[in-house]
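Structure first, commentary second.
As the structure lists them, so they are numbered: ligands from 1, and atoms in each ligand from 1.
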Amino acid sequence: MIAANIDKIKQQINKDVQLIVVSKTRPIQMLIEAYNTGQIAFGENKVQELLLKNKLMPSNTQWHIIGHLQSNKVKQIAPFVHLIHSVDSIKLLNTINTEAIKNNRIINCLLQIFIADEETKFGLSKYEAEDLINSNAFDKLLNIKITGLMGMATNTNDEEKITNEFAGLKLFYDKLKQRQTHNFELSILSMGMSSDYMLAIKAGSNMIRVGSSIFA
Ligand SMILES: *Cc1c(COP(=O)(O)O)cnc(C)c1O
């Protein structure tokens, strides 16, 4: 089932859209089943769970943090995390930078941009994001790189509303893409999950995070 579901999604999407299999809450056997199809990119939102799974998965597994990340949890994932999708403050970015230095690496991050009309979702407004990247504090960070943006649309059946939210993020992405510095160079637009990834891709997403339609 899992293999067939991954295959079906990969047939729907173009080669330049990357699939992140969201494996949060799923048992390790299911991740291995997905891995055996050739899938190496997995998304988790809890550090503790990610650490356990990292011990059990093959070493070339690429781990994506997709949920809200607390600063005090960064240390444990800094040695190996592939991409953090959910950066929403300079404080968190500072911590990631510090831990990246200790591990002698550069950690790639996405800024999570708030595009939905729901109050429960984390993220920066576009204004806050611009403020962050224009700050002196940001310029001093040498061991992180912002490689893209992540956003989640409102949880609704209104396709026009979802499309508008994704389109707004794509516009912002295109604007920021023109800027290139030592720690800022965008190539990833992470938007779309099980319910809306086709709409996201139509709006310009090149990275989708899909869980339930693979595992459910
Ligand atoms: C859980 C989650 C997903 C995947 O959602 P599905 O509906 O299961 O595909 C994608 N992105 C984030 C940030 C998530 O927390």
Side-chain angles (χ1 to χ4, degrees), residues 1-13 17-28 30-31 33-35 37 39-53 61-70 73-74 77 81-89 92 96 108-125 129 146-159 161-163 165-166 169-170 173 188-216:
M1 261 326 266
I2 291 171
N5 291 340
I6 290 177
D7 198 53
K8 191 176 144 216
I9 293 169
K10 286 194 171 160
Q11 280 177 20
Q12 286 175 323
I13 68 179
V17 178
Q18 198 193 344
L19 169 65
I20 310 304
V21 168
V22 174
S23 50
K24 66 187 186 201
T25 74
R26 312 294 174 183
I28 198 75
M30 288 190 176
L31 279 72
E33 210 175 318
Y35 179 89
T37 70
Q39 176 71 28
I40 61 170
F42 291 85
E44 291 281 339
N45 65 350
K46 298 244 163 57
V47 167
Q48 239 38 22
E49 187 177 340
L50 194 165
L51 291 171
L52 284 173
K53 287 174 172 172
T61 302
Q62 294 178 352
W63 293 107
H64 293 243
I65 292 272
I66 57 166
H68 184 65
L69 178 61
Q70 288 171 284
K73 301 275 171 69
V74 173
I77 54 159
V81 69
H82 186 75
L83 182 66
I84 300 172
H85 290 231
S86 43
V87 169
D88 59 2
S89 71
L92 177 59
I96 297 168
N108 289 339
C109 299
L110 310 182
L111 293 179
Q112 182 173 351
I113 309 297
F114 184 89
I115 55 172
D117 69 4
E118 295 159 355
E119 295 210 349
T120 52
K121 295 201 171 144
F122 292 100
L124 298 159
S125 69
I146 301 296
T147 56
L149 305 179
M150 187 270 261
M152 273 188 281
T154 302
N155 186 8
T156 170
N157 291 326
D158 185 346
E159 296 201 349
K161 181 173 175 60
I162 295 170
T163 295
E165 290 172 358
F166 284 148
L169 187 55
K170 173 65 162 69
Y173 172 80
I188 298 170
L189 183 54
S190 170
M191 53 184 202
M193 16 208 275
S194 291
S195 58
D196 58 18
Y197 67 86
M198 290 306 290
L199 295 176
I201 291 168
K202 271 190 212 144
S205 167
N206 61 17
M207 185 175 276
I208 59 174
R209 311 173 310 273
V210 182
S212 40
S213 60
I214 291 170
F215 294 112

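- Here is the list of ligand 1 atoms found below 4.0 Å of a heavy atom in S212: 6 (P), 7 (O), 8 (O), 9 (O).
- With contacts defined as side-chain heavy-atom distances shorter than 4.5 Å, the pair K46/K73 does not qualify.
- Of the polar atoms of G211, at least one N or O is found under 3.5 Å from an N or O of ligand 1, judged by distance alone.
- Nearest to atom 13 (C) of ligand 1 among the protein's heavy atoms is I66 O, 3.3 Å.
- The only option from V22, I214, I9, V210 that meets the side chain to side chain contact (heavy atoms under 4.5 Å, CB included) definition with S194 turns out to be V210.
- By the side-chain contact (heavy atoms from CB on, under 4.5 Å) test, A41 is found to be paired with Q18, I20, Q39, Q62, H64, residues two or more places apart in sequence or in another chain being considered.
- For the pair F42/K53, no side-chain contact is recorded, criterion being any heavy-atom separation below 4.5 Å from C-beta on.
- Scanning S213, S194, G67 for the heavy atom closest to atom 9 (O) of ligand 1 points to S194.
- The side-chain contact (heavy atoms from CB on, under 4.5 Å) search around N45 returns K24, I66, not counting sequence neighbours.
- Proximity to M152 (heavy-atom distance under 4.0 Å) selects the following atoms of ligand 1: 13 (C).
- Each of the following atoms of ligand 1 lies closer than 4.0 Å to a heavy atom of V210: 9 (O).
- The line from CE of M150 to CD1 of I65 is 11.0 Å long, rounded to the nearest 0.5 Å.
- The single protein non-hydrogen atom nearest to atom 4 (C) of ligand 1 is R209 O, 3.6 Å, given as residue, atom name and distance.
- Protein heavy atom nearest atom 1 (C) of ligand 1, with residue, atom name and distance: K24 NZ, 1.4 Å.
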